[in-house]
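Note that the numbering runs from 1 along the sequence shown for the chain.
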Amino acid sequence: MIEPVVADVALPGFFARVALAFHVLFDALLARRLLLPAAPAALPEPKPVERIVEKIVERVVEKPVDRVVEKVVEKIVEKHRPPDEGALHLLAILQRDGRFVDFMREDLAGAKDVDIGAAARLVHQGCKKALDAYFVLKPVRSEEEGAAVVVDRGFDAHAIRLAGDVKGEPPFKGTLVHGGWQAVEVKLPERPGFVDLRIVAPAEIEVRS
């Protein structure tokens, strides 16, 4: 039940109430208004209630993009080299240092022994220099030439070559004719890939002005 709202004013005095009674007595409209139930006082407008609305915020989590790392793979392309590369390289060195090819290609049929000996000395010096610079060689057999040796069973046929009257099975008894050579170390310098290995010696041209 809603109670009437009574204004906070002073109460009317006695004479004021008597005067009001006479007005009610002789004024039917005023009496009817007073007899009617008082209209409920206007309620104050309700204040808007703040409604808490839960706002769902969708958090978008970006998946880190995998960084594409370009891995540079060095592809080593092996240039085709001839199987006789080592032989051609050595031949070029002997020609360069000792004129080996020139000497071997020379027709010595009509040459004098003195001239051949002088040329052979120069070739020997240059080729020996090349061998000493790029190869470490040692004998296959350490015995002196002419010494008596025994070749046992299971010998290496590539390291020992038998000559003479070879019969039956080892061991063989014989005389060392040549101690052989084996390369302990090879130190040939590398040749650039763009060099044609077939060129053992370049042509030489003397330019004249």
Treating [X] as the side-chain partner and [Y] as the backbone partner, does any N or O pair qualify as donor plus acceptor under 3.5 Å?
X	Y	value
R153	P171	no
E185	V136	no
H89	P189	yes

Take Q95 and D102, measure what side-chain contact (heavy atoms from CB on, under 4.5 Å) needs, and give me the verdict at the end.
CA-CA 7 Å; Q95 167 62 22; D102 292 344; 3.0 Å; yes
Nearest 0.5 Å please: distance from the [atom1] atom of [X] over to the [atom2] atom of [Y].
X	Y	atom1	atom2	result
F155	I160	CZ	CD1	6.5 Å
L108	I116	CG	CD1	4.5 Å
R141	H178	CZ	NE2	14.0 Å
L176	S142	CG	OG	9.0 Å
L94	R99	CG	CZ	13.0 Å
T175	E143	OG1	CD	11.5 Å

Could you tell me whether F103 atom CZ has more than 12 heavy atoms of other residues or ligands within 6.0 Å of it?
yes
Might you confirm whether atom NZ of K112 has over 12 heavy atoms from other residues, nucleotides or ligands at distances under 6.0 Å?
no
Between V184 and L137, is a side-chain contact (heavy atoms from CB on, under 4.5 Å) present by the stated rule, with each step listed?
CA-CA 6 Å; V184 178; L137 303 171; over 6 Å; no
Sub-4.5 Å side-chain heavy-atom contact between [X] and [Y]:
X	Y	result
Y134	I93	yes
F135	L90	yes
H124	L122	no

Check V140 against A159 and note the closest heavy-atom contact, atom names and distance.
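Closest pair (atom of V140, atom of A159, distance): CG1-O, 3.6 Å.
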If you group Ile, Leu, Val, Met, Phe, Trp and Tyr by side-chain heavy-atom gaps below 4.5 Å, do [X] and [Y] land in one group?
X	Y	answer
L188	W181	yes
I199	V101	no
M104	L91	yes

